[in-house]
Amino acid sequence: MVKKRITALLCSLALVFTLTLPAWGAPGSTVYLLAVGDKFYDAYRPVAINGVIYVPYTIFDRTATGVDLGVYYGITPERGTILTLYSLSGMLTFSMQMGTCEDNLGNPMNFHALPRNGIPYIPAAAVCGFFGLQYSFLPTSDRGTLIRITNPASPGLADGSFLQTAQGAMAYRYNQIIQSQTPQPTPTPSPTPPPAASRPPAPGSNNGNTRVYLALDASQGTADWTGLFPSGCYALFLFTPDSLAEQAPLIRKAVAAGHSVGLLADPSLDSQGVLEELELGNELLSHIARIKTRFYAFPEGSTPSQTDILSAAGWIRWEANWHTASNPANVQGMLSGGPSVVRMDLSGTQVSHIYRVVSTLQNSGYDLRRPLETEL
């Protein structure tokens with residue numbers, strides 16, 4: 001069993017890589033939003049470079065577009081870092097180092113991929129045209145411009161109908177983006193008021209004495225977990241070693257946003273097997289995001305020998321002492337009178353509630369700390 005798991009991780013290690021990619025400049029005045037089929041993707045924003053719309057390559061996988069489109073993003077000895085998209089009708093290979101693209105016959109294309117946020121972005125209209133997908137450019141008067149990609153074999157709603165259906169989600173996301181781009185006025189200094197008369201502290205005013213560390217299992221699903229944390233709030237993103245290859249884009253986004261990364265150990269392995277699996281997971285992380293972690297956690301119980309050997313090897317165990325309530329409004333009340341150091345597990349919390357839970361803690365004055373290996 002251990003050998004099979006180690007072999008699987010070695011296979012992933014052979015395919016996964018990393019590349020430090022520069023960010024593009026600030027977006028222009030036009031706000032671009034993205035939809036694939038009948039789904040609006042508020043976590044992904046198209047960008048326009050010299051009049052060409054680029055989208056993240058991950059949006060073209062078969063689960064998003066409904067076509068039999070494969071994706072390979074890795075390193076080859078001959079061409080270095082490449083991105084390959086392929087289907088029964090053809091193949092496109094982007095060379096990240098050379099800035100070129102060619103089809104399966106070796107014919108050069110007149111477009112290429114560009115790096116952004118740690119992953120390649122590719123020209124939406126050109127890729128759609130090559131693979132027979134429908135590309136729609138849909139400007140609106142109050143919600144920016146929607147870029148929509150559909151599969152003619154299963155088109156779903158017409159563009160006009162989809163714009164009506166997604167009106168609320170588009171308007172909300174559009175207003176968020178506009179607000180983030182609007183410069184905030186500099187406050188005018190005012191005279192310092194006299195000190196207020198002393199009064200008894202309000203209930204909960206000692207929340208700042210409670211240190212809160214957040215973590216969640218990000219191994220499964222396709223949610224952009226980084227978007228669920230308000231500015232200044234960070235968490236420990238935990239991944240099983242065998243999920244690292246698939247979750248590489250999320251790992252890079254989490255690291256870029258300032259979050260910590262750790263590994264979920266398999267308690268069914270013996271002590272040496274756990275250590276070997278975590279070390280191989282670290283090798284994968286070094287290829288994905290140029291980092292290594294010393295954080296690990298067990299999703300279930302562990303044996304003393306497992307924790308002893310990991311501790312001796314320098315690994316630091318994350319062990320939650322608090323789990324969030326199903327109702328975000330109850331979090332502050334439940335923490336009242338709790339431990340002075342809270343290691344909170346958000347894994348059981350609905351995705352739609354995580355932002356509310358973290359915002360409640362932040363607004364209630366709790367000392368939300370970035371999970372660091374030097375502190376835990």
Side-chain angles (χ1 to χ4, degrees), residues 1-2 5-6 8-9 12 211-221 223 225-226 228-229 233-248 250-255 257-286 288-289 291-325 331 335 338-339 341-351 354 357-358 361 368-376:
M1 176 64 180
V2 174
R5 295 178 63 90
I6 300 302
L9 282 174
S12 297
R211 288 184 293 162
V212 179
Y213 300 91
L214 306 171
L216 76 161
D217 180 356
S219 300
Q220 306 299 323
W225 302 100
T226 62
L228 303 177
F229 293 86
C233 295
Y234 306 97
L236 174 63
F237 283 60
L238 294 166
F239 300 89
T240 59
D242 57 7
S243 73
L244 293 174
E246 183 178 356
Q247 298 289 28
L250 174 59
I251 293 169
R252 284 190 283 265
K253 289 193 70 174
V255 171
H259 298 283
S260 300
V261 172
L263 297 173
L264 281 168
D266 184 351
S268 68
L269 300 177
D270 61 26
S271 301
Q272 189 61 35
V274 171
L275 179 60
E276 290 178 5
E277 185 177 50
L278 292 183
E279 294 294 352
L280 279 173
N282 242 347
E283 287 299 314
L284 280 167
L285 282 177
S286 70
I288 292 169
I291 65 166
K292 287 193 176 184
T293 183
R294 305 316 297 174
F295 274 131
Y296 79 96
F298 280 107
E300 303 169 5
S302 60
T303 65
S305 62
Q306 289 172 325
T307 55
D308 288 346
I309 193 171
L310 292 176
S311 178
W315 288 87
I316 301 167
R317 183 174 182 178
W318 163 270
E319 192 169 10
N321 64 353
W322 205 272
H323 296 267
T324 58
V331 170
L335 281 180
V341 177
V342 175
R343 295 181 297 276
M344 183 175 291
D345 180 14
L346 297 171
S347 301
T349 307
Q350 295 181 31
V351 172
I354 289 180
V357 168
V358 181
L361 293 170
L368 297 182
R369 297 286 191 96
R370 188 196 311 261
L372 298 174
E373 297 168 3
T374 53
E375 287 198 16
L376 294 174

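- A side-chain donor-acceptor contact under 3.5 Å links Thr307 to the backbone of Pro304.
- With hydrogens and angles disregarded, no donor-acceptor distance shorter than 3.5 Å links the side chain of Gln247 to the backbone of Phe239.
- In this structure, CG on Leu214 lies 10.0 Å from CZ on Phe237, to the nearest 0.5 angstrom.
- In this structure, Trp315 and Val274 have side chains that are not in contact, with every pair of non-hydrogen atoms separated by 4.5 Å or more.
- Note that NE2 of His259 is 13.5 Å distant from CD1 of Ile251, once rounded to the nearest 0.5 Å.
- From Leu368, atom CG reaches atom OH of Tyr234 across 11.0 Å, with rounding to the nearest 0.5 Å.
- Taken from CG in Asp270 to CG in Leu275, the straight-line distance is 10.0 Å, to the nearest 0.5 Å.
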Derivation and outcome, side chain to side chain contact (heavy atoms under 4.5 Å, CB included), residues Asp266 and Asp242: CA-CA 10 Å; Asp266 184 351; Asp242 57 7; over 6 Å; no
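- Atoms OH and CG, from Tyr296 and Asn282 in turn, are 13.5 Å apart once rounded to the nearest 0.5 Å.
- Residues Thr240 and Ser219 approach most closely at N-OG, 2.8 Å, considering heavy atoms.
- For the residue pair Leu244 and Gly281, the shortest heavy atom distance occurs at CD1-O, 3.4 Å.
- Nearest heavy-atom pair across Ala289 and Val255 is CB-CG2, 4.2 Å.
- Ala265 and Phe298 make their closest contact through CB-CE2, 3.5 Å (heavy atoms, listed as atom of the first residue, atom of the second, distance).
- Gln306 contributes a side-chain N or O that, together with a main-chain N or O of Leu269, makes up a donor-acceptor pair within less than 3.5 Å.
- With hydrogens and angles disregarded, a donor-acceptor distance shorter than 3.5 Å links the side chain of Ser347 to the backbone of Asp217.
- With Ser305 contributing its side chain and Ser271 its backbone, the two residues share no donor-acceptor pair below 3.5 Å.
- From Cys233, atom SG reaches atom CG of Leu361 across 8.0 Å, with rounding to the nearest 0.5 Å.
- Among all heavy-atom pairs drawn from Ala313 and Arg294, the shortest one is O-NH2, 3.0 Å.
- In this structure a side-chain-to-backbone donor-acceptor pair under 3.5 Å is missing from Arg369 to Tyr213.
- With hydrogens and angles ignored, the 3.5 Å screen pairs no side-chain donor or acceptor of Arg211 with any backbone N or O of Arg343.
- Between the side chain of Arg252 and the backbone N or O of Ile288, at least one donor-acceptor pair lies under 3.5 Å.
- Side chains of Leu346 and Val358 form a contact here, defined as non-hydrogen atoms less than 4.5 Å apart.
- For the side-chain contact (heavy atoms from CB on, under 4.5 Å) criterion with Leu263, the lone passing option out of Leu280, Leu284, Thr293, Leu238 is Thr293.
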